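Only one structure is covered here, and it is reproduced in the block below.
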Amino acid sequence: MMPFVDELLAAGGGALNFAIDVTDICATADRLRSDGHEVELVTFAREGSPVSFREAFIADAPRWAPFFISYTPDRQVILDTYRGGGGNRGDHDLAGFVIETPDPAASAAWLSRLTGVPAAEPTVVPLPGAHVHFTSGPADRITTLLLSEGTPPSADISGLALRPR
């Protein structure tokens with residue numbers, strides 16, 4: 001992934017991509033392939049560890065596109081067992097993020113088809129856990145994290161803005 005990170009930083013920074021948690025990674029990969037996508041499945045497991053995960057990457061997608069992830073055991077079991085129910089999330093939580101792209105409506109429609117989540121507006125896909133907002137611009141990358149709860153900070157870190165929702 002480092003060549004992609006270096007390329008992203010050279011282009012102005014931002015976030016590389018995002019993950020979508022799915023129950024059955026193999027079924028998700030099969031669905032994506034049947035929709036015509038080139039999918040690479042990768043397994044991450046440490047010897048002796050009771051926790052592992054598999055990721056499905058879409059090779060023929062925009063750089064900002066999600067990858068899909070499935071945990072063994074289930075993500076909530078991992079959180080309950082190893083992080084006491086999820087750990088301390090801090091004062092603020094992720095409410096959404098912004099992807100700057102040359103054609104926001106087409107990008108939102110593509111993500112909606114990919115995930116099966118209908119767009120709430122022409123340029124917003126309300127994924128569970130975070131709404132994805134598309135805005136017009138040449139960057140074609142994730143440019144902003146939208147934070148909730150209290151009074152979130154505003155900052156810019158290596159081309160990624162943090163803003164209140």
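Predicted model, so just to flag it, every value in this text is computed and none were measured. The analysis underlying the following values was restricted to heavy atoms, covering all of them including side chains, and did not include hydrogens, waters or symmetry mates.
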State, yes or no, whether a side-chain contact exists between P66 and L114 at a heavy-atom distance under 4.5 Å.
yes

Spatial distance of atom CG (L94) from atom CZ (R165) [nearest 0.5 Å]
10.0 Å

Quick one, P164 and S154 - any side-chain contact, counting heavy atoms below 4.5 Å?
yes

Nearest heavy-atom pair of D24 and A27: which atoms, and what distance?
OD1-N, 2.9 Å

Same cluster (ILVMFWY, side-chain, under 4.5 Å), L147 and I157:
yes

Taking D35 for its side chain and H37 for its backbone only, find out whether a donor-acceptor pair lies under 3.5 Å.
no

For residues G116 and P118, report the shortest heavy-atom separation together with the two atoms involved.
O-CD, 3.5 Å

Evaluate the criterion side-chain contact (heavy atoms from CB on, under 4.5 Å) for residue pair F57 and V39; output intermediate values, then yes/no.
CA-CA 6 Å; F57 292 93; V39 178; over 6 Å; no

Is it the case that one hydrophobic cluster holds both L162 and V98, taking links as side-chain heavy atoms less than 4.5 Å apart, direct or via other members?
no

Closest heavy-atom contact between S136 and P104?
N-CG, 3.4 Å

Do we see a donor-acceptor contact under 3.5 Å between the side chains of R54 and S70?
no

Within one Ile-Leu-Val-Met-Phe-Trp-Tyr cluster: L127 and I58, side-chain cutoff 4.5 Å
yes

Go through F134 and W64 one step at a time and tell me if the ring-ring contact (aromatic ring centres under 6.0 Å, His included) criterion holds.
CA-CA 11 Å; F134 291 89; W64 52 259; 5.3 Å; yes

How many angstroms lie between atom CD of E55 and atom CZ of F67, to the nearest 0.5 angstrom?
4.5 Å

Given the rule in the side-chain contact (heavy atoms from CB on, under 4.5 Å) test, do T143 and L160 qualify, once you have shown the distances and angles that lead to the verdict?
CA-CA 5 Å; T143 59; L160 182 65; 5.7 Å; no

Min side-chain heavy-atom separation I69-I20 under 4.5 Å:
no

Between D156 (side chain only) and G159 (backbone N and O only), is there a donor and an acceptor less than 3.5 Å apart?
no

To the nearest 0.5 Å, what is the distance between NE2 (H133) and CD1 (I99)?
10.5 Å

Evaluate the ring planes of F53 and F44, with Trp represented by its six-membered ring, and classify them as parallel (under 30°), tilted (30 to 60°) or perpendicular (over 60°).
parallel

Spell out, as yes or no, whether a donor-acceptor pair under 3.5 Å connects the side chain of S112 to the backbone of A108.
no

Quick one: do T144 and R163 satisfy side chain to side chain donor-acceptor pair (under 3.5 Å)? Show the steps, please.
CA-CA 7 Å; T144 306; R163 301 283 182 264; 6.0 Å; no

Donor-acceptor contact below 3.5 Å, side chain E100 vs main chain A139
yes

L111 reachable from V117 in the ILVMFWY side-chain graph, under 4.5 Å edges
yes

Nearest atoms (heavy-atom pairs only) where R113 meets R31
O-NH1, 4.4 Å

May I ask whether F68 and W110 are part of the same hydrophobic cluster, defined by side-chain heavy atoms of I, L, V, M, F, W, Y residues being less than 4.5 angstrom apart, directly or through others?
yes

For S148, is there any backbone N or O sitting under 3.5 Å from a side-chain donor or acceptor partner on D93?
no

Can you check whether L146 reaches F97 side chain to side chain, under 4.5 Å on heavy atoms?
no

Is any side-chain heavy atom of T72 closer than 4.5 Å to one of S52?
yes

Are any of the side-chain heavy atoms of D140 and P102 separated by less than 4.5 Å?
yes

